[in-house]
> 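Before we start, here is the structure in question, set down as structure tokens.
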Amino acid sequence: MALIGKIRNNPLLVLLFIGGGILLFVLSDIMNSGSSGPIGPAEAMMARVGEIEIERNDFERTLSVAGSSADAYQSRENLWRYYLTESLLRNETELLGLEVTRPELEELTYGPRYSPVIRQSYGDPQTGQVNAQLLNSVRTRIQENSITEAIEAGELPPNFVDIWKYQNRQVSTQRLQEKLSALVSKAMYAPSWMAQKYADEMSANRRVAVVRIPFDELDNDAVEVTDADVQRFIEENESQFNNLEETRQLAYVSFDVNATPEDSAAVRSLLEEAAEEWRNTPSRDDSLFALTANGSYTGTYLTEAELAPSVADVVMNEMEIGEVYGPFTEGSIMALVKLIDRRPMADSVTIRRIVRNATIPTQFTEANRLIDSLQNVLSANPGQFAQLAGEFNRDPRSLATNGVLENVTPGELQPPVNRLAFVTGETGRFYKVRTQTGVQLVEIVRRSSTTTPRAKVAYATESMIPSKDTEDNARARAEQFLAGKSSLEELKSAAQAEGYTVGTTGPLGIGTFNIPAMGNGQDVREMICWAFGADKGDVSGFVYTFTDPNFFYENKYVVVGLENILAEGVPPVAALRETVTPAVRNQLKGEKLASELSGQDLAAAASRYSVPVDTLNAVNFTQSSLAQGIGAEPKVIAAAATVATGTVSQPIVGRNGVYLVMPLSDAPTGASGNLPGARQVINANSRNRVPQQLLTALRNEIEVEDQRVNTECSGLR
């Protein structure tokens, strides 16, 4: 009673209790439901593309059935790109009233107008035919509402419903993109004046002389690349560097794990034991020995240039047949080589053959029977070969020549036929040869008089993989280097003092899963997540580990700091300097070469720089590239089309060098170009660019709020 009395005398206490209870209830609801409060969306929403939200749970559920790559991170990135494309299209198509109706979706799924998505999933790669029977059985199951029974019976996979939903989305998205692209492309039209001008330019072919002076005629130190030069280059090419999303640049020091002399000595000891065993192995077992010793045996005769460079001269000039040589080092492996055979071999042969293809035993039996019969006929009357080849030969290479193959070089034919043609066979005789793909009747018509020494070898190899101790020592060096470094400035100073190289990555987005200088995998994701939560100049407190993709040992340990935070838009000079310096340097070299070439004619320029004068025929303004290896040089094409005949152009700084152009002659005048053909070309060129450029334009116009840093990085270090 005393407590009740106190409550009655303190109404403020009552209000606090009630208010606190309501607040706890609301917060609990927000946190548990993931609704639209200040906590929920960070977990529920993965991104917002214009008016479209991408939900995290929906994305993860789709990822479980849409993973198309063996790399989980690649699959995630592929799906993100799909969701982004789908959302960009929906923003536009919903405003325009474009949609894929249910009947249309069924037609695209079950035929007859199959979607490219269906053709890829249910089409035969060889014939392109869609498996309509399977699709119809799925359709029946859906109509009968018996999908569960089909899954329980093993006719459909357990996650079929999710797979089918995602497929429908893909079909609809692809069709919406087609519709939107068609809407835009059909609106493109070349008016008559433009088409006529283009037609006349197409017919205005000229004969042109060109001199090209490569940029490397000047050494790199002949020009100095300043920040002002880089800024000018960025401004002139702004569209190439405009970031659509915030990115990060990392500075890093890599501690590579390389085999030590002790590691190499251990591998050498293993191979020395293997060499002794191989020397005592019968020659008939050479291929088996090589393959079980991580090596190779192809049975092919190789020239000196085709052998391993480290032993090519030894194999061709010093070894005896049957001898084992090594161990020797070739790149990152240590190996043994055994000389199986060596002989001069014809550089080419001419054969004629009748090929019967076979894949199963009954087909081989029939092919054998037919080839035996043909061999008997031809042994008695060789003059019938052309007639019999025309009737029975199934070799695509020689159908049009009645079975004759001329000037075949070693290695072109299947191994059994190659050995017969170049080593064991005699000219003028017919041989039956069985291969993996059938049976052949082969005659060696002639061998070339010129020969080249060739050798048949086998290799046994061991990779020089660093030991566990070597890995541990590299990690210890990385951890010792990182200790006590609290800023990127300290890290760079220490690296310079200790002789380590500091590398810098390009701009990295939140979806990055591979960094070329390092590798891919979980440590890249953790590195990226750290970078998007760090401040410029910070150093990560972790040593990141990367694994060799072929031999699966830890091949590098990396220490990183945050070099730059690059906002949307054009990055500053410091962020792009390393990336664009080669292009800027070439531009400066070009400008210097152009000043030196000013006023010179083509012959003088060619003589000064020891380059040829190229003559190009049929040059006109509509071309996108030029012959003689010049390639895509728009400024050169423009000069070639517009400079007066017999006049040398001003020096042109192009993409691949500095050019002087002089038109030599014009096409006959008075002929007007083909107007309908020109209009068709213009329209086709414009419309073919729509599908991809349309998405790029939508991405530039529609705001994307990317929350993946919150949804993918939670819980990572």
Side-chain angles (χ1 to χ4, degrees), residues 196-226 228-237 240 580-674 678 681 685:
Q196 187 61 64
K197 188 172 187 301
Y198 191 83
D200 294 341
E201 288 169 349
M202 289 175 68
S203 63
N205 294 325
R206 312 181 90 186
R207 189 165 170 265
V208 180
V210 179
V211 167
R212 174 177 57 181
I213 296 88
F215 294 128
D216 58 14
E217 286 293 334
L218 294 180
D219 294 332
N220 286 345
D221 57 9
V223 295
E224 180 185 359
V225 179
T226 66
D229 296 322
V230 175
Q231 182 64 46
R232 174 166 63 97
F233 183 84
I234 293 172
E235 290 173 356
E236 291 173 353
N237 302 274
Q240 297 180 26
V580 304
T581 289
V584 176
R585 184 185 293 120
N586 281 343
Q587 184 172 321
L588 295 174
K589 285 183 183 180
E591 292 169 358
K592 187 169 184 177
L593 286 169
S595 66
E596 296 174 358
L597 288 168
S598 182
Q600 294 192 20
D601 61 22
L602 273 66
S607 174
R608 178 175 179 177
Y609 294 100
S610 301
V611 295
V613 178
D614 293 318
T615 301
L616 309 179
N617 297 313
V619 176
N620 65 61
F621 197 69
T622 66
Q623 293 177 229
S624 59
S625 65
L626 296 172
Q628 303 292 353
I630 295 174
E633 289 284 5
K635 294 179 181 179
V636 178
I637 295 171
T642 57
V643 172
T645 304
T647 303
V648 179
S649 70
Q650 292 296 316
I652 302 163
V653 180
R655 295 173 176 173
N656 301 302
V658 180
Y659 300 82
L660 290 176
V661 176
M662 185 176 74
L664 302 175
S665 62
D666 289 321
T669 59
S672 178
N674 183 337
V681 170
N685 288 340

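Treat the numbers as computed from the prediction; the structure is a model and nothing was measured. Count residues from 1 along the sequence. Both backbone and side-chain heavy atoms feed into the values below; hydrogens, waters and symmetry mates do not.
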> Check whether any side-chain heavy atom of Arg655 sits under 4.5 Å from a side-chain heavy atom of Pro634, and report yes or no.
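Yes, at least one pair of side-chain atoms sits under 4.5 Å.
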> Would you say the side chain of Val223 lies within less than 4.5 Å of the side chain of Asp229, judging by non-hydrogen atoms?
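When only atoms from C-beta onward are counted, Val223 and Asp229 do not touch, as no gap falls below 4.5 Å.
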> So, taking the atom named CG in Leu660 and the one named CD in Gln650, what distance separates them when rounded to the nearest 0.5 Å?
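These two atoms lie 9.0 Å from each other.
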> Between Arg232 and Glu236, is the closest basic N to carboxylate O distance under 4.0 Å?
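Yes, charged N to carboxylate O under 4.0 Å.
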> Taking Ser607 for its side chain and Ala604 for its backbone only, find out whether a donor-acceptor pair lies under 3.5 Å.
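Here the side-chain-to-backbone pair does not exist.
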> Among Glu217, Arg212, Glu596, which residue meets the side chain to side chain donor-acceptor pair (under 3.5 Å) test with Tyr609?
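Result for side chain to side chain donor-acceptor pair (under 3.5 Å) with Tyr609: Glu596.
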> Would you say that Asn685 contacts Tyr198 through its side chain, given a criterion of any heavy-atom pair below 4.5 Å between the two side chains?
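Heavy-atom side-chain distance check passes, below 4.5 Å.
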> Give the minimum heavy-atom separation between Val653 and Ala594, together with the two atoms involved.
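Scanning both residues, the minimum pair turns out to be CG2-CB, 4.1 Å.
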> I need the minimum non-hydrogen distance between Phe215 and Leu593, along with the two atoms involved.
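Residues Phe215 and Leu593, closest heavy atoms: CA-CD1, 4.3 Å.
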> Return yes if some donor-acceptor pair links the side-chain N/O of Asn620 with the main-chain N/O of Thr622 below 3.5 Å, else return no.
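Flag set: sc Asn620 to bb Thr622 pair under 3.5 Å.
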> Is there a side-chain contact between Val643 and Met662, using heavy atoms and a 4.5 Å cut-off?
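Heavy-atom side-chain distance check fails, nothing below 4.5 Å.
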> Is there a side-chain contact between Ser649 and Val636 (heavy atoms, below 4.5 Å)?
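No. Closest side-chain heavy atoms not under 4.5 Å.
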> Within the side chain of Lys589, is there an N or O that forms a donor-acceptor pair under 3.5 Å with the backbone of Leu218?
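A pair under 3.5 Å: yes.
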> Could you walk me through whether Arg206 and Leu616 pass the side-chain contact (heavy atoms from CB on, under 4.5 Å) check?
CA-CA 8 Å; Arg206 312 181 90 186; Leu616 309 179; over 6 Å; no
> Between the side chain of Glu633 and the main-chain N/O of Asn656, is any donor-acceptor distance below 3.5 Å?
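Answer holds: yes.
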